[in-house]
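Note that this is a predicted model, so its numbers are computed, not measured.
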Amino acid sequence: MRLIVLFAIGVWVAACTTPPVFPPEIMKDVEMNTFDVKAWKNQASSLSSANPVAHKVELGGQIMRIIPKADGVVLLVMEEPFEKYRAYGPVSAEPVDSFIYAIAFKGFPEASMLRTGNKLVVVGTTDKASTEMIAGVPTVLPHLNAQCLHIWSINQAELQRFPYGDMPSKTVRAEETFCDEG
C-alpha cells in the first residue's frame with residue numbers, strides 16, 4: 001500500500017513540474033541573477049564600450065521582426081522578463097521599461113516558428129551593439145549571439161484581441177527549441 005501511495009505521489013509531482021527548456025549543458029555558466037540588463041541596454045548608446053565584456057545570459061521576449069541572413073537570422077525582439085516556462089509559454093513578470101534587442105542565430109529555425117508576435121527565451125552571449133533598421137531608421141541595438149532559442153507559437157487571433165499579453169486561454173501552444181550546432 002505504501003509503495004502505491006509513494007508511486008502516486010511521484011507521478012503527481014512529476015506531472016506538476018515543468019521540465020527545463022534547455023539542457024543542463026546549455027545552461028552551464030549562465031548569469032541568472034547577476035546580469036544587469038539595464039546596463040547592457042545603456043551600453044548600446046554609449047560610444048565608450050566598443051569591446052564590451054561578454055556575458056552568457058538567458059533572456060525572454062517577443063519577436064518584432066525577422067531579418068534573414070546568409071548564415072542564419074537576426075531577430076529583433078522586444079524584451080520581456082519572464083518568471084517560469086509553462087506549457088502555454090513564458091509568463092511575463094511585472095511590466096518593466098522594455099527595449100528592443102537583436103538576436104543573431106546561426107541556423108534556420110522552422111519558418112512556422114519565426115513569426116512576429118511569437119514569444120521566445122534565448123540563451124546566448126552578449127556582443128557589442130550594432131545598427132539594425134527599424135521602420136526605415138538605422139537604430140543602434142544591443143546584440144546577443146544565440147546558442148539556443150526556445151520559441152512558443154502565439155495564436156495570432158488571440159494576439160490581436162489581447163495585444164498586451166495576459167491572454168485568457170491557457171491552451172498548449174506549439175513550441176520548439178533550436179540550438180546552434182556549431
*asked:* To check you understand the geometry: which heavy-atom pair defines the closest contact between Ala54 and Thr125, and what is its length?
replied: CB-CG2, 3.4 Å
_Closest non-hydrogen atom pair, Phe105 against Cys179_ = CZ-C, 3.8 Å
*Between Ala146 and Asp180, what is the shortest heavy-atom contact and its length?*
O-CB, 4.2 Å
*asked:* If we count only N and O atoms by modelled type, under 3.5 Å, do the side chains of His55 and Thr126 hold a donor and an acceptor together?
replied: no
*In sequence, state the C-alpha distance, the side-chain angles, and the governing distance for Leu144 and Trp40, and then conclude on side chain to side chain contact (heavy atoms under 4.5 Å, CB included).*
CA-CA 10 Å; Leu144 186 74; Trp40 181 54; 4.3 Å; yes
_Show the nearest heavy-atom pair for residues Ser153 and Arg115, with the distance to one decimal._
OG-NH1, 4.1 Å
*If you measure from OG1 on Thr116 to CD on Gln62, what distance do you get to the nearest 0.5 Å?*
9.0 Å
*Check step by step if side chain to side chain contact (heavy atoms under 4.5 Å, CB included) holds for Ile103 and Leu120.*
CA-CA 11 Å; Ile103 299 172; Leu120 64 78; 3.9 Å; yes
*Hey, are the side chains of Val140 and Ser130 touching, using non-hydrogen atoms and a 4.5 Å cut-off?*
no
*Give a yes or no on whether Ile100 and Val57 share a hydrophobic cluster (residues Ile, Leu, Val, Met, Phe, Trp, Tyr; joining criterion: side-chain heavy atoms under 4.5 Å apart).*
no
*Could you walk me through whether Val121 and Trp152 pass the side chain to side chain contact (heavy atoms under 4.5 Å, CB included) test, one step at a time?*
CA-CA 9 Å; Val121 175; Trp152 285 267; 3.5 Å; yes
*Starting from the C-alpha separation in whole Å, work towards a yes-or-no answer on side chain to side chain contact (heavy atoms under 4.5 Å, CB included) for Glu132 and Val74.*
CA-CA 9 Å; Glu132 299 292 343; Val74 171; 3.9 Å; yes
*Between Glu176 and His150, is any side-chain donor less than 3.5 angstrom from a side-chain acceptor?*
no
_Side-chain heavy atoms nearer than 4.5 Å, only ILVMFWY residues, links allowed to pass through others: does that put Met64 and Val37 together?_
no
*Pairwise distance CD(Glu80) to CG(Leu59) - rounded to 0.5 angstrom*: 12.0 Å
*For Leu149 against Phe22, the heavy-atom pair lying closest together*: C-CE2, 3.9 Å
*With rounding to the nearest 0.5 Å, note down the distance linking CD in Glu25 to CD in Gln147.*
9.0 Å
*asked:* When you group the ILVMFWY residues by side-chain heavy-atom contacts below 4.5 Å and let the links chain together, are Val30 and Ile26 in the same group?
replied: yes
*asked:* Could you check whether any side-chain N or O of Asn118 sits under 3.5 Å from a backbone N or O of Met113, counting only pairs where one atom can act as donor and the other as acceptor?
replied: yes
*asked:* Is it the case that the side chain of Arg65 and the backbone of Ala135 share a donor-acceptor pair, with hydrogens and angles ignored and the cut-off at 3.5 Å?
replied: no
_Side-chain (Thr139) to main-chain (Val137) donor-acceptor, under 3.5 angstrom_ = yes
*Before giving the answer on salt bridge (Lys or Arg N to Asp or Glu O under 4.0 Å), spell out for Glu31 and Lys56 the whole-Å C-alpha distance, their side-chain angles and the decisive distance to 0.1 Å.*
CA-CA 6 Å; Glu31 296 180 34; Lys56 186 172 181 183; over 6 Å; no
*For Leu141 and Leu76, work out which heavy atoms get closest and say how close.*
CD1-CD2, 3.8 Å
*Which ring pair (Phe, Tyr, Trp, His ring centres under 6.0 Å) pairs, counting each pair once, include a residue from residues 107-134, with sequence neighbours left out?*
none
*Taking the side chain as every heavy atom from C-beta outward, state whether Tyr101 and Val122 have any atom pair closer than 4.5 Å.*
yes
